[in-house]
Every structure is written in structure tokens, then in C-alpha cells.
Amino acid sequence: MSSLEEAIALLTPRRRLLAFTGAGISTESGIPDFRGPDGVWTKIDPSEFTFDKYVTNPETRKRSWQMRVSSGVLDAAPNPAHRALVDLWNAGRLMGVVTQNIDGLHQAAGLPDEAVVELHGNVRTVDCLECGASWTTEEVIARVDAGEEDPPCTECGGIIKVSVISFGQAMPMREVELAQQWAARCDAVVAIGSTLSVYPAAYVPLEAKETGAAYVIVNQGPTDHDDIADVVVPGPAGETLTSLATRLITNA
Ligand code: NAD
């Protein structure tokens with residue numbers, strides 16, 4: 001039996017699926033991952049982009065804004081993998097998605113906000129780290145395009161930052177609690193497009209597995225949980241999830 005058939009057999013009787021997604025679900029939308037063969041970390045040193053460096057070094061902020069302008073994340077569109085999860089949601093088979101991604105593509109594909117927990121924030125908004133004022137990222141990118149390399153808060157002059165969680169920055173409490181609740185209540189967890197090496201996020205599928213859920217991984221390339229999962233399905237997320245969702249909905 002192929003690993004995909006094994007996954008279908010394992011997941012068919014389990015009604016409450018939780019999806020845990022990483023950067024690999026969005027590479028087919030043109031957004032590079034971090035640790036894949038063409039990942040961002042093959043070109044850039046991640047230690048340059050810690051929260052500490054962001055708040056202390058204007059050069060880091062300038063580079064961050066330039067990377068944000070050129071990243072293409074704000075223009076990306078959902079792909080078949082995001083849409084397959086929407087199909088599972090519409091069929092009543094998906095509890096929700098816990099995502100490490102910041103691209104908003106699950107919601108763009110059609111999942112309601114309450115079905116998505118964003119553990120690492122999102123790129124849609126920018127906040128002042130001092131007074132909490134907030135803007136859309138488009139508004140701030142327009143200021144960068146107009147020549148402000150390190151745009152300050154227009155209210156208090158403080159440092160502003162896209163609402164994503166950087167290395168060394170605390171995870172959002174409400175999202176972490178919700179992810180833990182979903183992990184404890186699901187019958188199966190499917191991790192998609194993640195090396196499962198970024199903690200504490202990668203505890204979510206582990207917690208689900210520890211509380212009795214089946215654990216399926218869909219990923220191109222090895223992950224840190226390959227020995228823990230019940231089934232590992234190697235392959236591209238779009239094609240694999242489309243097949244998986246179609247069969248699970250047909251088998252319902
Ligand atoms: P990662 O870069 O560590 O791992 C991605 C994995 O997905 C790799 O194993 C890669 O080989 C695999 N992959 C790539 N394309 C795939 C495809 N089409 N189908 C199946 N698998 C594919 O990503 P991670 O585990 O999510 O951790 C990276 C961190 O970076 C996350 O915390 C996330 O916040 C952030 N990030 C987010 C985005 C985004 O929002 N799209 C992009 C880059 C990084």
C-alpha cells in the first residue's frame with residue numbers, strides 16, 4: 001500500500017482533523033520556505049533577524065523593510081493545497097488549521113478567521129512596539145517606497161514592526177492556548193510543509209499525538225518528526241492534499 005493510501009485509511013474513520021501547516025504549503029504559491037533546498041536561509045543568515053537586533057539596530061530594520069517590499073508575500077495567491085483544506089472544512093472534516101505561516105493564504109483561500117490560528121502572526125498589519133498604534137502593511141510599504149527606509153510611528157515616533165513573531169519574540173498567548181486546546185481535542189493531526197523543527201510551534205502536533213490522535217506528515221524532504229508520525233507521505237502538498245481531501249470527502 002502506498003503511504004498516501006495508508007494515510008487515507010488511517011484518517012477516514014477519524015472525524016476531527018487538525019491541520020498544522022508550515023512554509024512548504026505556500027511554496028507552490030511562489031513564497032520561498034526557510035529550510036527547503038531553495039529556502040531563504042540558504043541565502044540569508046537568520047541570526048541577523050532576531051527581535052533584539054530589530055529593536056536595537058536601524059540597519060536591521062532597513063533590511064527588513066526592503067525584504068518585505070521585495071518578498072512578494074503580499075501579492076501571493078492560494079494554491080490547491082490551501083483549497084483542499086477549505087474543501088475539508090466545508091465538508092465538516094476539519095477542526096481548524098494551526099499555521100506557522102504569516103502569509104494569510106488559508107483565509108484568502110476561503111477559511112473563516114475563526115478556523116485559523118496564526119502562531120507566528122501575519123504580514124497584513126504593522127504595529128508600533130511602543131504605543132500600539134496599527135496600520136495596514138500596504139500603508140507602511142507605501143512610506144518605504146516613498147523613501148522612508150526605517151519609518152517611525154506616526155503617533156509617538158517609536159519603532160514599528162510587521163505583526164510577525166521574530167526569533168526571540170514571545171508567541172501570542174491566546175493563539176498558543178487555542179492551538180493546545182485543538183491539539184487535545186482532535187482525532188488526527190496532519191502536518192503539511194514543515195520541517196517540524198521550530199519550537200514551541202512544533203509541540204502542537206506532538207501534543208495531539210500524545211493525547212491519542214493519529215499523526216500524518218505530508219512533506220517534501222525529511223522532518224524532525226518522521227520517526228514519531230504514524231504515516232509520512234512524501235510529495236508536493238498541492239497534489240497530495242487534493243487527493244487526500246477528495247478521498248476523505250468521498251469516503252465520508
Ligand atoms: P521550513 O522552511 O523549515 O520547512 C518547509 C518544509 O516544506 C521543507 O522540508 C521543504 O522541503 C518542504 N516543502 C517545500 N515545498 C513543499 C511543497 N510544495 N510540498 C510539500 N513540502 C514542501 O518551514 P517551517 O517548518 O514552516 O518553519 C519555518 C518558519 O518560517 C515558520 O515558523 C514560519 O513562520 C516561517 N515562514 C513562513 C512563510 C510563509 O508564511 N509562507 C515562509 C517562510 C518562512
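Model, not experiment: these values are computed from the prediction.
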Closer than 3.5 angstrom, by distance alone: can the side chain of Glu207 be matched with the main-chain N or O of Ala183 as a donor-acceptor pair? no
List in chain and number order the residues that pass side chain to side chain donor-acceptor pair (under 3.5 Å) with Asp103, two or more places apart in sequence or in another chain; answer none if no residue qualifies. Ser26
What are the two closest heavy atoms between Ala109 and His82, and how far apart are they? CB-CB, 3.7 Å
The criterion is side chain to side chain contact (heavy atoms under 4.5 Å, CB included); which residues satisfy it with Thr12, sequence neighbours excluded? Ile8, Leu248, Asn251
Shortest non-hydrogen contact between Gly238 and Glu28, atoms and distance: N-OE2, 3.1 Å
Can you find a heavy atom in the side chain of Val233 that is under 4.5 Å from one in the side chain of Val216? yes
Cluster check Ile192, Val231: I/L/V/M/F/W/Y, side chain < 4.5 angstrom: yes
Of all heavy-atom pairs between Ala201 and Met171, which one has the smallest distance, and what is that distance? N-CE, 4.2 Å
Apply salt bridge (charged side-chain N to carboxylate O under 4.0 Å, His left out) to Arg124 and list each qualifying residue two or more places apart in sequence or on a separate chain. Glu118
Would you confirm whether Thr27, through its side chain, and Ala23, through its main-chain N or O, come within 3.5 Å as a donor-acceptor pair? no
Just verifying a value: how many Å separate Glu149 CD and Arg63 CZ, rounded to the nearest 0.5 Å? 13.0 Å
Student check: side-chain heavy atoms of Leu206 and Ile228 closer than 4.5 Å: yes
Residue pairs meeting salt bridge (Lys or Arg N to Asp or Glu O under 4.0 Å), one or both in residues 240-252, sequence neighbours left out, come to Glu5-Arg247
Look only at the side chain of Thr240 and the backbone of Ala237, and say whether a donor-acceptor pair between them is shorter than 3.5 Å. no
Return the minimal non-hydrogen interatomic distance between Thr211 and Ala184, and the atom names on each side. OG1-CA, 3.9 Å
Hydrophobic cluster identity match, Leu196 and Val198, side-chain contacts under 4.5 Å: no
Grouping I, L, V, M, F, W and Y whenever their side-chain heavy atoms are under 4.5 Å apart, do Val126 and Ile102 come out in a common cluster? yes
Please confirm whether the backbone N or O of Val189 pairs with a side-chain atom of Arg14, one donor and one acceptor, at under 3.5 Å? no
To the nearest 0.5 Å, tell me how far Ser29 OG sits from Asn79 CG. 3.5 Å
Partner set under salt bridge (charged side-chain N to carboxylate O under 4.0 Å, His left out) for Asp230, not counting sequence neighbours: Lys209
State whether the number of non-hydrogen atoms from other residues, nucleotides or ligands found under 6.0 Å of Glu148 atom CD is greater than 12. yes
State, to 0.1 Å, how close Asp150 and Pro58 come at their nearest heavy-atom pair, and which atoms those are. OD2-CB, 4.0 Å
Only pairs at least two apart or in different chains count here, so list each side chain to side chain donor-acceptor pair (under 3.5 Å) that has a residue in residues 167-178. Lys161-Gln169
Is it true that, when you exclude Glu6 itself, more than 12 heavy atoms of the residues, nucleotides or ligands shown sit nearer than 6.0 Å to its CD? yes
Hey, what do you get for CG (Leu4) to CG (Leu244), rounding to the nearest 0.5 Å? 6.0 Å
Distance (rounded to the nearest 0.5 Å) between Leu178 CG and Leu119 CG: 9.5 Å
Are side-chain heavy atoms of Leu105 and Thr99 found at a separation under 4.5 Å? no
Single-linkage hydrophobic cluster Val116~Leu94, side-chain heavy atoms < 4.5 angstrom: yes
With a 4.5 Å limit on heavy-atom distance, are the side chains of Val190 and Leu18 in contact? no
Spacing of CD1 belonging to Ile217 relative to OG1 belonging to Thr223, to within rounding of 0.5 Å: 3.5 Å
Strictly distance-based, threshold 3.5 Å: is any side-chain N or O of Glu130 a donor or acceptor partner for the main-chain N or O of Ile159? yes
Is there a donor-acceptor pair under 3.5 Å between the side chain of Arg83 and the backbone N or O of Pro78? yes
Any donor-acceptor pair under 3.5 Å linking the side-chain atoms of Thr125 with those of Ser163? yes
Using 0.5 Å steps for rounding, measure from the CG atom of Leu111 to the CG atom of Leu88. 9.5 Å
Contact list for residues 43-71, test ring-ring contact (aromatic ring centres under 6.0 Å, His included), sequence neighbours left out: none
Report yes if the side chains of Phe167 and Ser47 come closer than 4.5 Å at any heavy-atom pair, otherwise no. no
Side chains of Val55 and Leu129: does their closest heavy-atom pair fall under 4.5 Å? yes
Heavy-atom closest pair (Ala84 atom, Ala245 atom, distance to 0.1 Å) is O-CB, 3.7 Å
Check the hydrophobic clustering (I, L, V, M, F, W, Y; side-chain heavy atoms under 4.5 Å; chains of links allowed) and say if Ile165 and Val98 are grouped together. no
Return each pair, listed once, that meets side chain to side chain donor-acceptor pair (under 3.5 Å) where at least one residue sits in residues 184-197; pairs must be two or more places apart or across chains. Gln100-Ser194, Thr195-Ser197
Scan for ring-ring contact (aromatic ring centres under 6.0 Å, His included) pairs involving residues 213-252, sequence neighbours excluded, and state none if there are none. Tyr215-His225
Listed by chain and number, what are the side chain to side chain contact (heavy atoms under 4.5 Å, CB included) partners of Asp145, not counting sequence neighbours? Val69, Ile141
Any non-hydrogen side-chain atom of Gln220 less than 4.5 Å from a side-chain atom of Pro234? no
So Ile249 and Asp87, do their side chains get closer than 4.5 Å, heavy atoms only? yes
Tell me every residue that passes side chain to side chain contact (heavy atoms under 4.5 Å, CB included) with Thr154, counting only those two or more places apart in sequence or in another chain. Trp135, Arg143
Listed once per pair and sorted, the ring-ring contact (aromatic ring centres under 6.0 Å, His included) pairs that draw on residues 2-23, sequence neighbours left out: none
